**Q** 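Got a structure for you, questions after.
Note that the coordinates shown come from a computational prediction; the quantities given were computed from them, not determined experimentally.
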Amino acid sequence: MGMRLTGLAIAVLLAALLQDGPASRAREAALAENADPAALRALLAFPELFEDRQVRQKVLRSFSSSDPGIYAAALELALTSPRLSADQTVARRLDAAILGPDAQKKTVLLDLAI
């Protein structure tokens, strides 16, 4: 029983530390209404955050952004994060970006490729 309490205490302590840690701050910055491309790209340092439904939704919405920087960040996240690119919805958005007719968005994609 002592081992179980110790394990539980460690889990609670780790959860509390993560709430105020760098991953939590990166998550909050990326989810902010006025998040900039750097805040989105900072998520790459914490790949576990891509399991978070709200983070995934933010990335998906970023594919529709009229801000080229936000759009480029979404593409970069999808292209470089195995956890994120494994999501079927993200993969479809990435495919649409590659195959889509929007010349400005194609330019952003080509700039990333370079």
Side-chain angles (χ1 to χ4, degrees):
M1 181 112 160
M3 292 287 260
R4 202 180 265 171
L5 287 176
T6 302
L8 179 61
I10 290 171
V12 169
L13 179 60
L14 283 174
L17 288 172
L18 286 175
Q19 286 179 349
D20 292 329
S24 177
R25 288 191 297 276
R27 179 185 182 278
E28 293 306 312
L31 293 178
E33 185 67 32
N34 61 346
D36 63 4
L40 292 174
R41 285 185 179 98
L43 294 170
L44 288 170
F46 308 99
E48 68 276 8
L49 290 177
F50 295 124
E51 301 300 324
D52 182 306
R53 184 178 138 325
Q54 289 180 309
V55 170
R56 283 178 185 259
Q57 290 299 316
K58 179 69 174 209
V59 173
L60 288 171
R61 284 191 310 273
S62 297
F63 275 98
S64 301
S65 178
S66 60
D67 179 327
I70 297 292
Y71 177 72
L75 287 173
E76 187 175 341
L77 293 173
L79 290 167
T80 58
S81 171
R83 284 187 180 182
L84 194 56
S85 62
D87 181 281
Q88 290 181 2
T89 306
V90 173
R92 282 193 301 272
R93 296 279 173 97
L94 186 55
D95 288 346
I98 293 168
L99 300 172
D102 188 325
Q104 182 181 12
K105 290 189 174 188
K106 290 259 191 203
T107 301
V108 170
L109 185 59
L110 290 172
D111 287 343
L112 279 175
I114 292 171

**Q** Give, for atom CG of Leu110 and atom CD1 of Ile98, the distance between the pair rounded to the nearest 0.5 Å.
**A**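 Rounded to the nearest 0.5 Å, the CG-CD1 separation comes to 10.5 Å.
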**Q** Roughly how far apart are Arg83 CZ and Phe50 CZ, rounded to 0.5 Å?
**A**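 With rounding to 0.5 Å, CZ (Arg83) is 9.5 Å from CZ (Phe50).
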**Q** Just to verify, what does Ala42 make a side-chain contact (heavy atoms from CB on, under 4.5 Å) with, not counting sequence neighbours?
**A**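 Not a single residue meets the side-chain contact (heavy atoms from CB on, under 4.5 Å) criterion with Ala42.
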**Q** If I compare all heavy atoms of Ala97 with all of Leu109, which pair ends up nearest, and what's the gap?
**A**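 Here Ala97 and Leu109 meet closest at O-CD2, 4.1 Å.
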**Q** To the nearest 0.5 Å, what is the distance between OG1 (Thr89) and CG (Leu60)?
**A**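 Going from the OG1 atom of Thr89 to the CG atom of Leu60 covers 6.0 Å.
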**Q** Tell me the closest heavy-atom pair linking Ala72 and Val108, and the distance in Å.
**A**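 So the minimum-distance heavy-atom pair works out to CB-CG1, 3.4 Å.
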**Q** Just to verify, what does Glu76 make a salt bridge (Lys or Arg N to Asp or Glu O under 4.0 Å) with, not counting sequence neighbours?
**A**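 For Glu76, the residues satisfying salt bridge (Lys or Arg N to Asp or Glu O under 4.0 Å) (neighbours in sequence not counted) are Arg41.
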**Q** What are the two closest heavy atoms between Leu49 and Ala23, and how far apart are they?
**A**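 What the structure gives for the nearest pair is CD1-O, 3.5 Å.
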**Q** Quick one: side chain to side chain donor-acceptor pair (under 3.5 Å) pairs with a partner in residues 52-66, sequence neighbours left out?
**A**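 For residues 52-66, and leaving out neighbouring residues, the side chain to side chain donor-acceptor pair (under 3.5 Å) pairs sorted by first residue read Arg27-Asp52, Arg27-Gln54, Arg56-Asp87.
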**Q** Show which side-chain atoms of residues 31-40 pair as donor or acceptor with protein atoms under 3.5 Å away, not counting sequence neighbours.
**A**
residue	atom	partner	partner atom	Å
Asp36	OD1	Ala38	N	3.4
Asp36	OD1	Ala39	N	2.9

**Q** Write down the atom of Phe63, the atom of Ala74, and the distance for their closest heavy-atom approach.
**A**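 The pair with the smallest heavy-atom distance is CZ-O, 3.8 Å.
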**Q** Rounded to the nearest 0.5 Å, what's the gap from CG on Leu75 to CG on Leu94? Could you check?
**A**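 Between Leu75 CG and Leu94 CG, I get 6.5 Å after rounding to 0.5 Å.
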**Q** What's the spacing between Leu84 CG and Glu51 CD if we round to 0.5 Å?
**A**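 Interatomic distance, Leu84 CG to Glu51 CD, rounded to 0.5 Å: 9.5 Å.
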**Q** Any pair with a residue in residues 95-114 that passes salt bridge (charged side-chain N to carboxylate O under 4.0 Å, His left out), sequence neighbours left out, goes on the list, sorted by first then second residue, please.
**A**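 Qualifying pairs: none.
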**Q** Using the salt bridge (charged side-chain N to carboxylate O under 4.0 Å, His left out) rule, collect all pairs that involve residues 65-74, keeping only residues at least two apart or in two chains.
**A**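 For residues 65-74: none.
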